[in-house]
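Residue numbers begin at 1 in each chain, while the letters A, B, ... track the order of the sequences.
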Amino acid sequence: MNDDTILEVKDLHIKLKSDGVEFPIVEGVSFELKAGKVLALVGESGCGKSVTSASILRLLPRELDITSGQIQFRPPGSDKVVNIVDLPKEGKGIRHVRGNQIAMIFQEPMSSFSPLHTIGNQVSEVVRLHLKVSKKEARARTVKMLDKVGISDPDRAFDQYPYEFSGGMRQRAMIAKALSCNPSVLIADEPTTALDVTIQAQVLDLMRELRREMGMAIVFITHDLGVVAQIADDVAIMYMGRIVEQGPVREIFANPRHPYTVNLLRAVPRLGNLRDRQKLTPIQGSVPSLFDRPTGCTFHPRCSAYIKGTCEASVPPMVNISEHHSVRCFSPEATAPVATASEVAT
Amino acid sequence: MLRILLKRFGFMVLTLAAVSVVAFVLIQLPPGDFADAYANKKQATGGPISLEEMVELRERLGLNRPWSVQYFDWISKIVLHGDFGYSWGWKRPVADVIAERMPFTLILAFSTLFFMYAIAIPIGIYSAVRQYSISDYVVSVVGYIGLATPNFLLALILMYLGQKYFGQSVGGLFSPEFQDVDWSWARAKDLIGHLWVPIIVLGTSGTAYLIRTLRASVLDELNKMYVVAARAGGLSPTQLLLKYPVRIALNPIVATLGWRISAIISGAPIVGVVMSLPDTGPLFLQALLDQDMALAGAMVLIFAALTIVGTFISDILLVMLDPRISLES
């Protein structure tokens with residue numbers, strides 16, 4: 001593990017167990033997160049991005065299991081690297097990481113708070129749990145944090161209930177809760193998906209600002225390439241449980257090599273397209289069922305560059321194209337820019 | 001808040017008044033009256049009474065008047081003088097007859113209630129957390145049997161088993177030697193020794209119902225997003241379970257407190273008769289059979305009051321538990 005890497009996922013496999021049969025959900029995902037950087041995990045629904053992110057905090061539901069691989073984490077201010085996969089389930093070790101060193105925010109701000117407890121009670125819970133402070137101090141800290149995420153009259157908000165908050169305010173409170181112990185990694189599982197566009201932009205701005213101020217690294221899960229262009233440094237494109245292409249955002253957007261990435265970028269609406277009255281190009285076919293997984297490269301039934309006899313025979317290896325850019329394809333596309341990051345970010 | 005409480009209290013009084021009318025009419029509804037019942041009884045014991053005597057009896061008890069007059073006569077005495085009238089069957093004031101037996105009914109009802117919640121809450125939580133485990137299945141099967149078995153049958157089975165295998169007389173609330181003596185430590189111990197059988201009989205179906213309800217609502221809550229979110233904050237499984245899912249799953253349990261009380265009380269008479277308990281159950285049944293109006297009416301009123309108060313208490317508790325609920329508007 002490099003010195004500036006704080007989280008490294010290595011060859012992670014996660015399987016779904018159902019009636020004694022196992023279905024692969026995540027197959028050999030590897031990525032590195034550098035201190036203070038934002039990595040976006042991008043993919044369609046069901047590609048395993050949320051499962052991957054939940055496994056970092058060992059929050060997988062009962063029927064999902066990590067079958068092999070490592071999740072290496074370097075706690076802040078420590079040289080010792082912890083393999084999160086080895087920590088006992090629900091033990092002290094993982095609980096010390098959760099909310100304290102690695103925090104998480106979720107997609108549904110409406111349902112991420114208990115309706116019967118005050119916002120303050122739930123936000124300050126992590127502070128009381130991980131930092132040895134008095135009740136009064138925990139309240140002061142939480143009020144400060146609520147103020148920081150832009151909740152007006154935070155002292156009053158502390159004693160309010162979630163039903164008195166709007167969706168955007170709840171997501172702000174969620175962010176306050178996640179950041180109140182100053183974690184070195186924040187996992188954001190589609191934090192803006194359930195919000196309307198204006199609030200989405202505000203929350204993204206807030207996250208960018210807080211990252212600059214507090215310096216945490218972020219794993220940002222999304223299906224929205226526009227959001228990726230706005231917030232991420234690096235991006236990993238996932239398809240059916242595998243990362244198919246990975247690299248810095250600028251590089252991937254300017255020079256996508258995997259046919260899936262190329263198609264994804266073509267499917268993003270852009271102002272220029274509208275002017276030229278070009279139609280958006282959808283990706284042909286749809287994601288195969290989990291229980292009917294194609295052999296070899298799982299994208300081959302939908303791929304325009306499909307090579308008969310090769311693509312369905314074996315899984316292509318991850319190949320480095322340049323120092324930071326790698327792709328998992330037997331016939332990567334030639335360099336043909338589809339879009340630039342700034343274009344997609346509109 | 002005080003205004004709302006007063007308003008609620010007003011509604012409670014109105015409900016009680018309505019119940020008293022309905023109860024009075026219902027008790028009068030079967031053909032015949034106290035005089036007929038009295039004559040039948042006399043006949044059965046060999047001492048027939050004459051028609052004149054019956055007419056005289058009706059006159060004396062005021063049974064000839066229209067029922068509305070009888071009702072107002074009865075209810076105004078209760079409201080204005082706290083006088084529940086005179087039991088024709090027992091030839092004693094109703095208040096005395098009830099006072100003698102009411103404590104046992106209350107002891108029985110509240111210990112059953114306590115027993116139900118004390119057993120059902122931990123078991124319900126446990127079987128939700130260990131869903132589909134062997135113990136969950138065992139609890140479910142026992143629960144369904146408990147739900148499906150009528151009270152009186154369970155009473156008969158327990159009495160039979162108690163008699164046959166423990167040689168204990170499980171009927172009644174006291175052993176013969178403690179039947180009519182003054183209260184003492186030994187008598188209280190004897191009461192506790194006898195109390196468990198009617199408690200089980202009265203409480204089993206309610207306990208089973210509570211277990212099912214609690215299991216379902218905890219299971220519902222366990223899969224909610226906020227539970228995962230709280231877990232992601234670092235709470236231990238027990239802290240998490242008690243702070244969120246259980247707390248929220250208590251709502252339906254608390255909300256039905258009033259119904260539980262009335263279920264226990266309305267189940268009590270049959271059990272009381274089968275097990276010959278010295279509580280108000282057999283008294284109530286006899287009063288209805290004899291058309292002993294004052295006694296039966298007073299008991300219906302007391303039972304209704306208990307139910308209404310129970311519902312009121314559960315409403316108040318709900319408001320305290322759930323900030324989204326308010327008694328206003």
Side-chain angles (χ1 to χ4, degrees), chain A residues 50 53-54 56-62 89-119 121-131 159-164 170 173-174 177-178 180-181 183 186-187 189 194, chain B residues 121 125-136 214-215 217-255 314-329:
Chain A
S50 285
S53 69
I56 296 173
L57 279 181
R58 300 284 298 275
L59 290 175
L60 294 177
R62 217 186 294 180
K89 229 176 185 170
E90 301 302 313
K92 268 208 169 112
I94 186 66
R95 273 163 27 213
H96 183 65
V97 174
R98 284 178 189 163
N100 185 22
Q101 298 166 339
I102 303 180
M104 187 156 179
I105 52 182
F106 298 88
Q107 180 172 352
E108 292 287 343
M110 298 317 270
S111 52
S112 293
F113 284 106
S114 148
L116 301 190
H117 298 80
T118 59
I119 292 282
N121 177 337
Q122 298 182 66
V123 172
S124 66
E125 181 179 270
V126 267
V127 176
R128 292 197 312 266
L129 213 56
H130 296 296
L131 312 173
D159 295 313
Q160 281 183 312
Y161 287 94
Y163 72 90
E164 298 170 276
R170 287 190 206 187
M174 192 78 219
K177 178 182 176 182
S180 54
C181 287
L186 174 68
I187 299 168
D189 186 0
Chain B
I121 291 176
I125 295 170
Y126 179 85
S127 67
V129 174
R130 299 261 184 279
Q131 192 191 12
Y132 302 141
S133 67
I134 305 263
S135 35
D136 178 33
L214 194 62
R215 177 179 180 274
S217 28
V218 170
L219 276 178
D220 247 13
E221 295 303 322
L222 280 179
N223 296 321
K224 293 253 170 89
M225 206 48 227
Y226 69 83
V227 175
V228 183
R231 224 172 119 210
L235 281 180
S236 76
T238 322
Q239 283 174 313
L240 182 73
L241 181 73
L242 293 180
K243 180 168 178 186
Y244 296 109
V246 167
R247 168 78 164 67
I248 293 173
L250 280 182
N251 271 14
I253 296 285
V254 169
S314 67
D315 281 359
I316 300 279
L317 284 177
L318 263 190
V319 173
M320 283 159 56
L321 270 180
D322 192 334
R324 292 168 300 176
I325 300 174
S326 114
L327 287 178
E328 282 163 75
S329 86

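Looking at A:Glu164, there are no atoms closer than 4.5 Å to chain B (heavy atoms on both sides), in backbone or side chain. When heavy atoms are compared at a cutoff of 4.5 Å, B:Glu221 does not approach chain A at all. Within the 4.5 angstrom heavy-atom criterion, only side-chain atoms of A:Lys177, from C-beta onward, approach chain B. Neither the backbone nor the side chain of A:Met110 comes within less than 4.5 Å of any heavy atom in chain B. Residue contact with chain B, scored on non-hydrogen atoms closer than 4.5 Å, involves the side chain of A:Tyr161 exclusively. Contact annotation for B:Leu321: only backbone heavy atoms (N, CA, C, O) come within less than 4.5 Å of a heavy atom of chain A.
No hydrogens or angles considered: nothing links the side chains of B:Ser236 and B:Thr238 as a donor-acceptor pair under 3.5 Å.
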With side chain to side chain contact (heavy atoms under 4.5 Å, CB included) as the test, would you mind laying out the steps for B:Gln131 and B:Arg215 before giving the verdict?
-> CA-CA 9 Å; B:Gln131 192 191 12; B:Arg215 177 179 180 274; 3.5 Å; yes
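Every residue meeting the side-chain contact (heavy atoms from CB on, under 4.5 Å) condition with A:Leu116, not counting sequence neighbours, appears here in chain and number order: A:Ser114, B:Arg247, B:Ile248, B:Asn251, B:Asp322, B:Pro323, B:Arg324. Here A:His130 pairs with nothing under the ring-ring contact (aromatic ring centres under 6.0 Å, His included) rule; sequence neighbours left out.
Between A:Arg95 and B:Pro237 the shortest side-chain heavy-atom distance falls below 4.5 Å.
In terms of heavy-atom pairs under 4.5 angstrom with chain B, the leader among A:Asn121, A:Asn100, A:Ile187 is A:Asn121.
Residues B:Ala232 and A:Phe106 share a closest heavy-atom pair of CB-CZ, 3.9 Å.
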